[in-house]
Amino acid sequence: MIITLKDGSKKEYSQPMSVIDIAADISEGLARVATAGEVDGETVDLRTVLDQDCHLSILTFEDPEGAGAFRHTTSHIMAQAIKRLYPQVKLAIGPSIADGFYYDVDSDTPLTTEDLEKIEKEMKKIVKEALPITRFTKPREEAIAYFKEKNEPYKVELIEDFPEGEEISFYQQGEFVDLCAGPHLMSTKPVKAFKLTSLAGAYWRGSEKNKMLTRIYGTSFTKKADLDAYLTRLEEAKKRDHRKLGKQLGLFMMREEGPGFPFFLPKGMVLKNTLLDYWREIHRKAGYVEISTPIMLSRHLWETSGHWDHYKENMYTTVIDDTDFAIKPMNCPGGILVYQSEPRSYRDLPLRMGELGLVHRHEKSGQLHGLMRVRCFTQDDAHIFMMPEQIRDEIKGVAKLIDEVYQLFGFKYHVELSTRPEDSMGSDEDWEMATEALRGALDDLGLPYVVNEGDGAFYGPKIDFHLEDSIGRTWQCGTIQLDFQLPLRFNCEYIGADGEKHRPIMIHRVAFGSIERFIGILIEHFAGAFPTWLAPVQVKILPISDKHMEYARKVEDALLEEGIRCEVDARAEKIGYKIREARLEKVPYMLVVGAKEEEEELVSVRSRFAGDEGQKKLKDFISDIKEEISSRKIRETVAEEEQKA
C-alpha cells in the first residue's frame with residue numbers, strides 16, 4: 001500500500017501498518033509527540049491499522065484534533081482518579097472541548113473545590129504510573145451487561161441507544177475501563193501539565209427533565225509553561241468578566257423577573273446607542289437603506305420560511321383572533337415582505353436593506369450567560385437582494401465593511417468558508433456558483449481563509465468571521481450567508497433587462513452579530529476601559545473643593561455644549577479620593593480644577609492613557625478630545641501605577 005503524507009511524500013508498505021508504527025517509521029521523535037492520525041480527512045486513533053492506499057497526517061498537540069485527543073485522554077485520567085478516590089461516583093460523559101475537557105459525574109455527596117486538589121494529586125500518580133492505554137470492543141449486549149455489573153447506569157443508557165448488533169469500543173488504562181470511541185494517547189505518561197479549573201451543574205443529556213450532574217472542568221498541555229500562560233489568561237478573563245464589570249460600571253442588569261432578558265441602564269444605553277449611531281453611519285456610506293419590521297407575525301409566514309417546522313421549539317408563540325402568531329426569532333422573513341412590497345426591476349438591484357431588529361429565541365436556562373447568551377437581543381441584520389452576477393462584488397463589499405468594524409476596535413480575526421452540508425436544498429449548479437462566488441470574493445480581497453467542508457447552512461454556503469480579543473479568545477460574530485431558498489419559498493421576483501421575470505439571490509449578513517453580545521465582548525476586550533468615543537462618561541470634572549464648584553460647572557457647560565459626555569464629582573471628598581473613584585469607573589479623562597485653573601481658564605488633565613498630562617487651556621483640551629472622539633482613536637490604557645504617577 002502507498003501512504004501519502006501531509007507534505008506530499010509517499011511511503012510504501014507491503015503489510016498493514018498502524019498509524020503509530022508509521023509515525024515511528026518516519027521518526028522516533030514524531031512517534032513520541034503523536035496524539036492521533038488523520039486518514040483521508042477523518043481523525044483516527046493511533047492504533048488504527050491501515051491496509052490500503054490513503055492520505056495520512058500524523059497529528060500532534062499543535063493540531064486542534066491532536067490537542068483534542070490529548071485532552072480526551074486527560075479526562076479519562078481524571079475519571080480514573082475520581083473512581084479511585086470515590087468508588088461510589090457514577091460516570092456519565094467526558095469529552096475534550098475547546099481549551100480543555102470535562103467529565104460529568106453523579107455523586108451522592110456533592111463534590112467541592114476542595115476535592116479538586118485531591119483528584120489532581122491522584123491524577124499525578126496515574127501519569128507517573130505510565131499506564132499503557134489499550135482499546136478493545138464488545139458486542140452491544142455484552143457491553144450493556146458489563147456496565148450493569150459495574151453499576152454505571154449512564155454508560156448503560158448510552159449503549160442502549162446504539163442499534164442492535166453494534167460493536168462497542170472501550171479504552172483501558174490499568175484498572176480503569178471506559179466506554180469511548182477515542183482517539184487516545186498510547187499511555188498516560190505524556191500528560192504532565194494539567195489543572196482542574198472549576199465545577200458546574202449540568203443536566204444529564206442537556207435536558208432539564210433529567211438529573212443534575214456535577215461537571216468538572218479542566219485543561220491540559222504538553223508543557224508547564226503553556227499551562228501557566230493559559231491559567232494566567234483565565235485569571236485575566238475573570239477580572240474582565242462582563243457580568244461583574246457591567247454591574248460595577250452601571251451598564252446593564254439581569255433580574256429574576258426576566259431571565260435571559262437584559263435591562264440596559266442609563267450608561268449602558270449611552271454605550272449601546274453610540275454603537276448603533278456608528279452602525280447607521282457606516283451603513284449609510286455603504287449604500288444601505290434602513291427598515292424596521294414587526295416583532296410578531298402570523299404563523300403562515302413562519303411556515304413559508306420553514307421556521308415553524310425547523311425552529312418552533314426556540315420560538316415564543318401566542319394566539320390572536322384564533323390565529324397562531326410567533327415573536328420573530330429572525331428578521332429575514334419580514335425583510336422579504338418589504339422586498340415584495342413593490343415591483344422590483346434589475347435597475348433596483350442590488351438592494352441593501354439593514355435592520356436593527358429585536359429578536360427573541362428560547363434558550364435553555366442553563367445556557368444563559370450574561371449578555372453572551374440571552375433570550376432577547378438586537379441583531380444588526382442586513383439582507384441584500386441581487387442578481388447572480390452581482391454576488392462577488394456584494395460579498396466583497398460586506399467583507400470590507402466587517403473588516404472596517406473589527407479594525408476599529410483592534411480585533412484580529414480569521415475567516416472560515418463553509419460549504420454544502422449533506423442535508424441541503426437547491427441544485428448542484430446553484431451551490432457551485434454560490435461557493436465559487438464566495439471563494440472568489442475572498443481571493444480578490446486577499447483574505448486568508450480556512451474551508452469548513454459541509455458546514456454551510458442548509459440553504460447556502462457562508463463565510464464566518466472569528467474575531468480574537470485582547471487576551472487571545474476567539475468569538476464568532478460576523479457572518480455572510482448566501483440564500484437561494486427563501487427567495488424561492490416566497491416567490492420573490494424582479495424584471496430583468498430582457499423584460500422577463502427572474503428570481504433574486506439573497507445575502508443574510510451581520511457585522512456585530514447580536515448588539516448585546518458584542519457589547520459583552522467589548523466590555524471584556526477593553527476590560528471596561530472603553531475608547532473615549534465609546535465611553536459612557538468621557539470626562540469627569542473634579543473640583544478640589546466647594547469653592548471651585550462654580551468653575552467646575554462652567555467647564556461642564558463648555559464640554560456639554562461641544563457634545564462631550566461629562567459629569568462633575570460634587571461630593572465633599574478629598575481630591576485623591578475623587579481621582580481613585582474616577583479611575584475605578586474607568587473614565588478616560590479627569591479634569592482637576594482649583595484656584596489656579598479657575599484664574600487662568602485652565603484644566604489639569606489626568607488620563608487613563610498617560611496619567612498626569614499637565615495643565616491645558618480648556619479650549620485646547622476640548623479641541624484635542626473632540627478630534628480623538630471624531631476619529632474614534634484608540635489610545636492604549638497604561639498600567640494603574642503609571643496613572644497614579
Side-chain angles (χ1 to χ4, degrees), residues 92-93 95 97 104 154 157-158 160-161 200-213 215 254-262 293-337 355 357-379 381 383 418 421-426 454-460 462 464 476-477 479 481 483 485-486 488-490 506 508 510 513-517 520:
I93 57 169
I97 53 174
D104 288 346
Y154 298 101
E157 187 177 326
L158 289 170
E160 285 174 341
D161 285 347
Y203 290 108
W204 169 234
R205 296 192 142 180
S207 170
E208 295 168 24
K209 296 173 186 173
N210 291 334
K211 186 171 184 181
M212 176 75 80
L213 306 178
R215 178 168 292 178
M254 294 293 188
R255 292 292 299 252
E256 60 183 26
E257 290 86 350
F261 299 96
T293 62
I295 202 168
M296 185 187 296
L297 293 160
S298 70
R299 171 176 175 166
H300 77 82
L301 178 82
W302 304 108
E303 287 175 331
T304 303
S305 70
H307 289 92
W308 197 267
D309 292 330
H310 297 288
Y311 206 72
K312 187 170 181 291
E313 70 278 5
N314 291 94
M315 294 166 67
Y316 297 111
T317 60
T318 189
V319 177
I320 303 174
D321 296 336
D322 300 323
T323 302
D324 289 328
F325 277 72
I327 297 176
K328 64 179 179 181
M330 297 173 192
N331 297 306
C332 24
I336 284 182
L337 295 186
E355 177 173 16
L358 189 65
V359 299
H360 291 71
R361 299 177 186 176
H362 181 64
E363 301 285 357
K364 291 178 179 174
S365 58
Q367 295 174 325
L368 299 175
H369 179 76
L371 295 178
M372 303 301 194
R373 183 64 76 92
V374 290
R375 289 171 170 162
C376 161
F377 57 94
T378 309
Q379 205 164 32
D381 254 325
H383 298 102
S418 299
E422 286 184 23
D423 178 20
S424 61
M425 299 169 65
D455 202 37
F458 71 90
Y459 50 77
K462 63 175 181 163
D464 289 326
Q476 197 270 302
C477 288
T479 299
Q481 297 179 341
D483 185 0
Q485 302 313 315
L486 278 186
L488 175 66
R489 281 173 171 261
F490 282 91
M506 184 177 181
H508 306 251
V510 292
S514 149
I515 300 293
E516 287 73 9
R517 182 168 177 266

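None of the values given here were measured: they were computed from a predicted structure. Throughout, residue positions are numbered sequentially from 1 according to the sequence presented.
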- Please report the shortest heavy-atom distance between D455 and K462, naming the atom on each side. O-CE, 3.5 Å
- Quick one: does W204's side chain get under 4.5 Å of D104's, heavy atoms only? no
- Heavy atoms of N331 and E355 approach each other most closely as CB-OE1, 3.6 Å
- Under the side-chain contact (heavy atoms from CB on, under 4.5 Å) rule, what do L486 and H508 come out as? Steps first, then yes or no, please. CA-CA 11 Å; L486 278 186; H508 306 251; 3.8 Å; yes
- Anything under 30° is parallel, anything over 60° is perpendicular, the rest tilted; go ahead and classify H360 against F261. tilted
- Query: Any side-chain heavy-atom pair from T304 and I336 closer than 4.5 angstrom?
  - Reply: no
- Note on the structure: What one should report as the nearest heavy-atom pair of L301 and P333 is CD2-CB, 3.7 Å
- Note on the structure: With sequence neighbours left out, the residues meeting side chain to side chain donor-acceptor pair (under 3.5 Å) with K211 are D106
- Task: Only counting residues at least two apart or in another chain, list the ones meeting side chain to side chain donor-acceptor pair (under 3.5 Å) with R373.
- Result: E363
- Message: If you define the side chain from C-beta out and look only at heavy atoms, does anything of F377 sit under 4.5 Å from I515?
- Response: no
- Could you give the distance from OG (S418) to CD (Q481), rounded to the nearest 0.5 Å? 9.0 Å
- Atom CD1 in I327, atom SG in C376: separation rounded to 0.5 Å? 9.0 Å
- Student check: side-chain heavy atoms of C332 and H383 closer than 4.5 Å: yes
- Nearest heavy-atom pair of N210 and Y203: which atoms, and what distance? O-CD2, 3.3 Å
- Task: Mind checking the NE2-CZ spacing from H300 to F325? Nearest 0.5 Å is all I need.
- Result: 8.0 Å
- Quick one: are L158 and R205 in side-chain contact, heavy atoms under 4.5 Å? yes
- Going from CG on D483 to CZ on R489, what distance comes out if it is rounded to the nearest 0.5 angstrom? 9.5 Å
- Could you check if a side-chain atom of K328 sits within less than 4.5 angstrom of a side-chain atom of P294, using non-hydrogen atoms only? no
Which pairs would a plain distance check flag for residues 306-323, meaning a side-chain donor or acceptor within less than 3.5 Å of a matching protein atom at least two apart in sequence or in another chain?
residue: H307; atom: ND1; partner: S305; partner atom: OG; Å: 2.6
residue: N314; atom: ND2; partner: H362; partner atom: O; Å: 3.1
residue: Y316; atom: OH; partner: H362; partner atom: ND1; Å: 3.2
residue: T323; atom: OG1; partner: D321; partner atom: O; Å: 3.4

- Query: Which heavy atom of T378 sits nearest a heavy atom of E516, and at what distance?
  - Reply: N-OE1, 2.7 Å
- Query: Looking only at heavy atoms, what is the nearest atom pair of V374 and L371, with distance?
  - Reply: CG1-CA, 3.9 Å
- Heavy-atom distance under 4.5 Å between the side chains of R517 and C477, does that happen here? yes
